[in-house]
Amino acid sequence: MNTPQHSKTERIERIERIEREALPPLGTIEPSRFVCGEDGVHRVAAEEAAKEAARRGRGTLMFVGDMMFLSEHQREVMGEDGCFDFNASFEYVRKVLKKSDFAMGTLETVVDHTFPYKHELTRIPNGKGEGGMSANCNAPVTCLDAVRYGGIDAVSTANNHALDAGLEGLLITKEHLERYNIIHTGTFRSASEQRDLLIDINGIRVGVLCYTNSVNGMHTQYGISTEKAALHVNRYSEGVSESEVRRDIAKLRERSADYVIVMLHAGIVNMPTPTAKVVKYCRDIANAGADYVLNTHTHTLQGYDVIRTADKRNVPVIWSMGNFVSSMDQAEDFGNRDAIILRIELEKTQGAVIMKDGYIPCFMRRNHEGKRHVTLPFDRAYNGGFTHSSMVNSRKRVQTIMGKNIREVML
């Protein structure tokens, strides 16, 4: 295996790809709970049909924030055999996520074995002028073992690191996601690829759209035009994308979507509140026809609100979902480690969909019983009976941030 010869902070103009094989899966890759039909609709697999029939017209969805698998995390879970086992991060939350009918999060990393992993090269040139550098978010493929182990059905790949390893890295990431039976949207092989998700959850058709405000200028670094980048990554920009989102939502409605969730990736990192631009973007998306808006990217939880649209609908928004799996520790008051699982209950009666939402508070412990970067739900029934002052303080912070307009859920 050829390994990269760069120092971790060296300024480089060109990164040579690495001749190495993708790591084998940690175990047997389970099939997805869903099968995509010729009409592009994801439906529960045959073995899940009995459960679907029992819950016809009702569905529980869960969403989480950024899953990152960064340098410290990579180094600490790397075994002597050169393999990486991230599963411990999901050991406790998987019990919660598996209680959903559909679970989704943001995969904020590329997964390209031919490109330096983040622990091998932390920063890369980004094409934003002389000396412009960005974080390199590239993780070993076994992070996807952890995602599957955690009970995640689908991921958004639309984020500012989508082109960190160039177009080749984007395509390799998609290949790995497909190998691991993980549904995904936000990045695409071509303009003809379906650019949304439509999931039939117990007879309720839920549409999901994913966009990112930035790709860190990486398209310029790799000589990819803005137009071509937009073919491969769902971009969101003020003054351009509002009409595109409206069009994309309309297409989902034409395919009989009962409920549409839009996931955005925008903002300024480590901030406690949303920027004016993020507020505007989310309001525009709500007015474009979304039923629920979820933003990520800031690595801090930014709370919940309800947007009143021009057509007099009330659209919930979470200004930022924060991190869900990460070794970051940059924000004040442990902001990078406070997390939630958003729980959305849908019920379809007489053609109308009734929504009830809530959140499950979680905290990312750097070291939990000898295991590194473990996300723990506060509910002691699901975290092995664990309690600690850090958890108590985190819960108070999360309750304050989320506010009184959304309920905390204890399962």
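- Residues that satisfy the ring-ring contact (aromatic ring centres under 6.0 Å, His included) test with Y292, not counting sequence neighbours, are absent from this structure.
- Between atom OG of residue S100 and atom CD1 of residue I344 there is a gap of 11.0 Å, rounded to the nearest 0.5 Å.
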Please determine whether side chain to side chain contact (heavy atoms under 4.5 Å, CB included) holds for the pair C143 and V111, giving the CA-CA distance in whole Å, both sets of side-chain angles, and the decisive distance to 0.1 Å.
CA-CA 8 Å; C143 72; V111 182; 3.9 Å; yes

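- Taking the six-membered ring wherever Trp is involved, the centroid distance between the rings of H119 and F84 falls below 6.0 Å.
- Shown here are the side-chain contact (heavy atoms from CB on, under 4.5 Å) partners of T220, two or more places apart in sequence or in another chain: there are none.
- Because its NZ or CZ atom is both nearer than 6.0 Å to the ring centre of F188 and within 45° of the ring axis, R195 counts as a cation-pi partner of that residue.
- Checked against ring-ring contact (aromatic ring centres under 6.0 Å, His included), F86 has the following partners two or more places apart in sequence or in another chain: F69, H73.
- The two atoms that bring M364 and S326 nearest to each other are SD-N, 3.7 Å, heavy atoms only.
- A cation-pi contact, defined as under 6.0 Å to the ring centre and within 45° of the axis, links R20 to Y117.
- The salt bridge (Lys or Arg N to Asp or Glu O under 4.0 Å) test with E168 is passed by exactly one of R189, R17, K174: R17.
- For R397, the side-chain contact (heavy atoms from CB on, under 4.5 Å) criterion is met by D333, F334, D338, F363, N393, S394, not counting sequence neighbours.
- Listed by chain and number, the residues in a ring-ring contact (aromatic ring centres under 6.0 Å, His included) with F90 amount to none (sequence neighbours excluded).
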Return a table of donor-acceptor pairs under 3.5 angstrom between the side chains of residues 256-266 and protein atoms on other chains or two or more places apart.
from, atom 1, to, atom 2, distance (Å)
D258, OD1, K348, NZ, 3.1
D258, OD2, R205, N, 2.8
D258, OD2, K348, NZ, 3.2
H265, ND1, T296, OG1, 2.7
H265, NE2, E108, OE2, 3.1
H265, NE2, N160, OD1, 3.0
H265, NE2, H297, ND1, 3.3

Step-by-step side chain to side chain contact (heavy atoms under 4.5 Å, CB included) determination, S390 to R365:
CA-CA 9 Å; S390 62; R365 297 203 79 210; 4.0 Å; yes

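- Of the options D200, D196, D39, a salt bridge (Lys or Arg N to Asp or Glu O under 4.0 Å) to R255 is made by D196 and by none of the others.
- The ring of Y236 has its center closer than 6.0 angstrom to the ring center of Y281.
- The aromatic ring centroids of H176 and H113 lie less than 6.0 Å from each other.
- Geometrically, R235 does not engage Y211 in a cation-pi contact defined by less than 6.0 Å to the ring centre and at most 45° from the axis.
- Heavy-atom minimum distance, D145 versus G27: OD2-N, 3.9 Å.
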